[in-house]
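Each remark here refers to the structure printed beneath this line.
Sequence lines set the chain letters: A, B, ... in the order given, protein chains first and strands last, and positions in each chain run from 1. On a predicted model such as this, the values are computed, not experimentally measured, just so you know.
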Protein chains: 2
Amino acid sequence: MDAVPAPRSGGIQSVERAVAALKVFGEDEPELGVTELARRLNLHKSTISRLMATLEAGGFVQQDPRTGRYRLGLQLATLAGRALNQYDLRDVARGALHSLARATGETCNLAVRDGDDAVNIDQALSTNPVKHLGWIGRRLPLHCSAAGKPLLAFAPRTDIERVLALPLVAYTPRTVTDPATMWHELERIRVDGFAVAIEEFEPELTAAGAPVRDHRGEVIATVTVSGPTFRLTPDRLASMAGMLRETADQLSASLGYRAPSPRLGIAAVSSRAFVGSGYASPSLRIDPASAGVDTAPSRPVATATGRRLGPGKRGTLAADIMPTRVQADDRPARPRGAHEEERSTW
Amino acid sequence: MDAVPAPRSGGIQSVERAVAALKVFGEDEPELGVTELARRLNLHKSTISRLMATLEAGGFVQQDPRTGRYRLGLQLATLAGRALNQYDLRDVARGALHSLARATGETCNLAVRDGDDAVNIDQALSTNPVKHLGWIGRRLPLHCSAAGKPLLAFAPRTDIERVLALPLVAYTPRTVTDPATMWHELERIRVDGFAVAIEEFEPELTAAGAPVRDHRGEVIATVTVSGPTFRLTPDRLASMAGMLRETADQLSASLGYRAPSPRLGIAAVSSRAFVGSGYASPSLRIDPASAGVDTAPSRPVATATGRRLGPGKRGTLAADIMPTRVQADDRPARPRGAHEEERSTW
DNA sequence: GTACGCTGTTGCGCAGCGCGCAACGCATGC
DNA sequence: GCATGCGTTGCGCGCTGCGCAACAGCGTAC
């Protein structure tokens, strides 16, 4: 549980320590003293003291002048804003996300993959009074979240195998930890076009998610709807799944994804499921090359409510939505940092 | 414009460089190469290469595998979530903020002071279609933003003097750069209980802001309404100012602020304006000691629309809103980093 | 009142580590 | 195919960051 200083990795030592120190700050312990940090990082407290002083000068932490303890600083929020800002998908999705939130009455999120986590990059809050913590920046495991499972399901086969070979951490009694079971679950997700996670990561919390594809057909993001389990009953979940997939497909279309023969059978779906390169995260800008033909989009499902979502008539073609820069998104599947548990509430 | 490596400040050199490197990434240039970074920081490119490799391992930056260039990583968003999470004020304010956004139809923000900037820590999006960039984490100058001016106006006199002694950067032709003029403007803000900024920081953008006080009467945050100038006409601004102040006062009340004889004259207001310790940012948790008596709250103003805001019946007393931890918020007024321009869109 | 335990900070001096250098591999463009 | 740009990496010097221990401040226990 404690972050040991890492056994000699090639990086710059003091920067590695700075990063590790920042990551120690969690939701449970937003405020940490020098001694406490030193203990957790197995470093001398003088080292931490100097490190914190430097980070404070940069605005990455703030020191409580009374207690002398440190907490994370708002400069992180400023940089995070710029980091999130890169995802033009957010601009495209915002309208649809809010429409979905309004239609369902539940909180909706947009998530991408970052390393071996899903990370929420935008959200539309529930209109329902039950506040459940904000989530932008929150990291969710790939194997037990509605945001993560679609990202994993449509990843390259080798990547799925790698992830399923890792220990599937059980966060609740309902977390699926058996790789074989998870494999079938992922297959179901590829067929159905959406995922459900009922208290698999957090007790009392249920969510559904559907994949968003770019113009090449690669799954680059997930749209999710989440709320308290008591409110997201199975039938409501089923009806929301339809809206969810409509929203996600509409986003995919905005990104230039042309659905390949939408009425293909399930067999065709399953056989074509593994295409593409994997990581969707680094940038969601469009790579003009290679028009994608991939798995079928969500096959039409009976939308219980029959409601259509908001206008969502945002950008029409990827080319004029996305800025000039050209960006690819395949990168080696390098495990990066363990999954961390926290609830960032914004 | 370029960030020189800083002339020997006591901190850890490589960490300082890491921080500086991260801050170089701006909205205008979200993606930077090693050579470019090296040039800007006056460092050898090998140094930057190693630095970036280390930061990437920590998830603070991502490297584009094709171009080799770097951009900010989502780990920053994760940490930022935790940083923002500390501000319990956000939870208290969220409902009121959304109500205000609904009532005005414009985007509303909640900002606190961080160093010599105001930083947005929460927002409620406009229902109007004109999307104007998201703002959480965005830094705004104290002297030319509706978020910043109230924070400055109610700061300790010495702090105001210090800030006004600094060069007041002109971002637009309408930015007030004369300290004497600004001094009177701040006085007006203390009297009126709200600030207005019409294209003083960004062209085409107008905003109004009102101060939020904690139980001691210290101004710890600003509620702002902002939108395109063409939509925020003077009379609309005037009517919104009333709602704005209602919302801010209501938040102050939620924080335990008891308005001291609200019908005091202007003279009394002005003479009592300088109290308190300054920095409102480190934490907005309640210090149970010392019930504050300070400047008068917004004096009643004719609310043109007469509309009341949403229910806003959140927490009732500070004690049960705020978590257990006790926190003070006075810290030396140390200038920290120049103001940076960017538009974080989330 | 005093002594203790705790906190975070700081001067000192050694040596470990991070830097600059230059060479390398690679992609792009003329 | 050379030229030019990029980002990365092995080497070795010497600066820098570390551990040590002493210090100052605070709250508490006796």
First locate atom OG1 of Thr35(B), then atom NE2 of His44(B), and finally report the distance between them rounded to the nearest 0.5 Å. 10.0 Å
Rounding to 0.5 Å, atoms CZ (Arg216(B)) and CZ (Arg258(B)) come to a distance of 14.0 Å
side-chain N/O Ser49(A) vs dT9(C) OP1/OP2, d < 4.0 Å: yes
Please say whether the positively charged group of Arg82(B), taken as NZ for Lys or CZ for Arg, lies over the ring of Phe25(A), i.e. under 6.0 angstrom from the six-membered ring centre and within 45 degrees of the axis. no
In whole Å, what is the span from the [atom1] atom of [X] to the [atom2] atom of [N]?
{"X": "Gln13(A)", "N": "dC19(C)", "atom1": "CD", "atom2": "C1'", "answer": "14 Å"}
{"X": "Leu55(A)", "N": "dT9(C)", "atom1": "CG", "atom2": "C1'", "answer": "16 Å"}
{"X": "Arg69(B)", "N": "dT8(D)", "atom1": "CZ", "atom2": "C1'", "answer": "17 Å"}
{"X": "Leu51(B)", "N": "dT16(D)", "atom1": "CG", "atom2": "P", "answer": "16 Å"}
{"X": "Arg39(A)", "N": "dC6(C)", "atom1": "CZ", "atom2": "C1'", "answer": "15 Å"}
{"X": "Ile48(B)", "N": "dC6(D)", "atom1": "CD1", "atom2": "C1'", "answer": "15 Å"}
{"X": "Ile12(A)", "N": "dC18(D)", "atom1": "CD1", "atom2": "P", "answer": "12 Å"}
{"X": "Asn42(B)", "N": "dG20(C)", "atom1": "CG", "atom2": "P", "answer": "10 Å"}

Is there a donor-acceptor pair under 3.5 Å between the side chain of Arg139(B) and the backbone N or O of Pro141(B)? no
Please tell me if the side chains of Asp114(B) and Gln62(A) come closer than 4.5 Å, counting only heavy atoms from C-beta onward. yes
Both Ser14(A) and Tyr70(A) contact DNA chain C. Taking the nearest nucleotide for each, which residue is further toward the 5' end? Tyr70(A)
If every non-hydrogen atom of Phe60(B) is compared with every non-hydrogen atom of Leu22(B), which pair is closest and at what distance? CD2-CD1, 3.8 Å
All N/O pairs under 3.5 Å across the protein-nucleotides 20-29 of chain D interface:
none

